[in-house]
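What follows is one structure encoded as structure tokens, with my remarks underneath.
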There are 2 protein chains.
Amino acid sequence: MSYKIKSRIWIESDNNVLLGEGRVHLLKAIQETGSLSKAAKSLNISYKKAWQLLDSVNRSAKKPVTINSIGGKGGGGAELTDYGKSLINAFDEINKNCWAFLDQQLEKIEAL
Amino acid sequence: MSYKIKSRIWIESDNNVLLGEGRVHLLKAIQETGSLSKAAKSLNISYKKAWQLLDSVNRSAKKPVTINSIGGKGGGGAELTDYGKSLINAFDEINKNCWAFLDQQLEKIEAL
DNA sequence: TTTCGTTATATCCGTGCAAATATAACGATT
DNA sequence: AATCGTTATATTTGCACGGATATAACGAAA
């Protein structure tokens, strides 16, 4: 059994976390369900936690990541902006590149 | 104020954590003080936590990372093996390389 | 054989965080 | 004006985790 190298990356803005893996999961779920409460259910996290995460994301980002509407048809909903969609794509790409980079670096440990 | 990208990496062996930043700090402190209890004090963590970390490191590694002696001159002590010293050097190097790699990748986010 | 400072381990206990719960606010549709 | 399912918050509750504490085990040296 050989060693494995793992990583977690996140992006900060002015010392606040903007994006991490959990937040990206949440944004993807919002994209699929069109609602924050449904996204929370699909991820098995409380609505409170989901709301706090999304609020933090939007307060940290330079431009809005989601548009949340209260009331109206169906009670409201949440959807990603174009900026939000671009962010999660870029994050996923960086994350995959990082994994590949680290797997290659791991040889330095295996060789010891 | 622009975005910053941060990361945490760790190495696992058979689903147990072998090395992370905290464990490397602990090993360095052991190297400097020659004792697990002094290392814990210097890091402001409880002896219990330090002992649990070190025990986990040694149980996860393929070869011993420290030699711990109980009793004897001065009551005992702990010191790094050559393997242990190599491990922390390799980990530091990989970590620095990872930071540099991610800083370069961050441009993909800034460009959005 | 007594002393010493360490490693090694069990037990207790407080608290901080997160889940659960409750509820207000909202606006399009009917 | 009444309804509806959301978003947006405050308040309460429960429990897991870590810190603190206590103590056993150990072996070289005096």
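- Defined by atom type and a distance below 3.5 Å, a donor-acceptor pair is present between the side-chain atoms of Ser37(B) and Ser35(B).
- Summarising the geometry, the separation between CG on Asn58(A) and P on dT7(D) is reported as 13 Å, rounded to the nearest angstrom.
- For Trp51(B) and dT7(C), the shortest distance from a side-chain N or O to OP1 or OP2 is not below 4.0 Å.
- Of all heavy-atom pairs between Lys63(B) and Leu112(A), the closest is NZ-O, 4.4 Å.
- Under 4.0 angstrom from either OP1 or OP2 of dT6(D) there lies no side-chain N or O belonging to Asn68(A).
- Heavy-atom nearest nucleotides on DNA chain D were determined for Asp55(A) and for Gly76(A), and the one closer to the 5' end corresponds to Gly76(A).
- Nearest nucleotide to the side chain of Ile70(A), out of dT6(C), dA10(D), dA8(D): dA8(D).
- Around NZ of Lys38(A), the count of heavy atoms belonging to other residues, nucleotides or ligands within 6.0 Å does not exceed 12.
- For Gln52(B) and dT7(C), the CD to C1' distance is 14 Å, given to the nearest whole Å.
- Ile11(B) and Phe91(B) make their closest contact through CD1-CD1, 4.0 Å (heavy atoms, listed as atom of the first residue, atom of the second, distance).
- At a threshold of 4.0 angstrom between heavy atoms, the contacts of Lys49(B) are confined to the sugar-phosphate backbone, with no base atom among them.
- Between Lys38(B) atom NZ and dC4(C) atom P there is a gap of 16 Å when expressed in whole angstrom units.
- Remark: the Tyr47(B) side chain and the dA8(C) base include a donor-acceptor N/O pair separated by less than 3.5 Å.
- Atoms CD (Glu79(A)) and C1' (dT7(D)) sit 14 Å apart, rounded to a whole Å.
- Residue Ile30(A) contributes atom CD1, which lies 11 Å from atom C1' of dT7(D) at whole-angstrom precision.
- A donor and an acceptor atom, one from each side chain of Asn58(B) and Thr66(B), are located under 3.5 Å apart.
- Heavy-atom nearest nucleotides on DNA chain C were determined for Lys48(B) and for Gly72(A), and the one closer to the 5' end corresponds to Lys48(B).
- Projected onto DNA chain D by closest heavy-atom contact, Gly75(B) and Ser46(B) fall at different nucleotides, the more 5' of which corresponds to Ser46(B).
- Taking 4.0 angstrom as the limit, Ser37(B) places none of its side-chain polar atoms (N or O) nearer than this to OP1 or OP2 of dG5(C).
- Distance CG (Asn44(A)) to C1' (dA18(C)): 15 Å, rounded to an integer number of Å.
- Taking atom CD1 on Ile45(B) and atom C1' on dC17(D), their separation rounds to 15 Å, with Å as the unit.
- Distance CG (Leu53(A)) to P (dA8(D)): 14 Å, rounded to an integer number of Å.
- When the side-chain nitrogen and oxygen atoms of Ser69(B) are compared with OP1 and OP2 of dG27(D), none of them lie within a distance under 4.0 Å.
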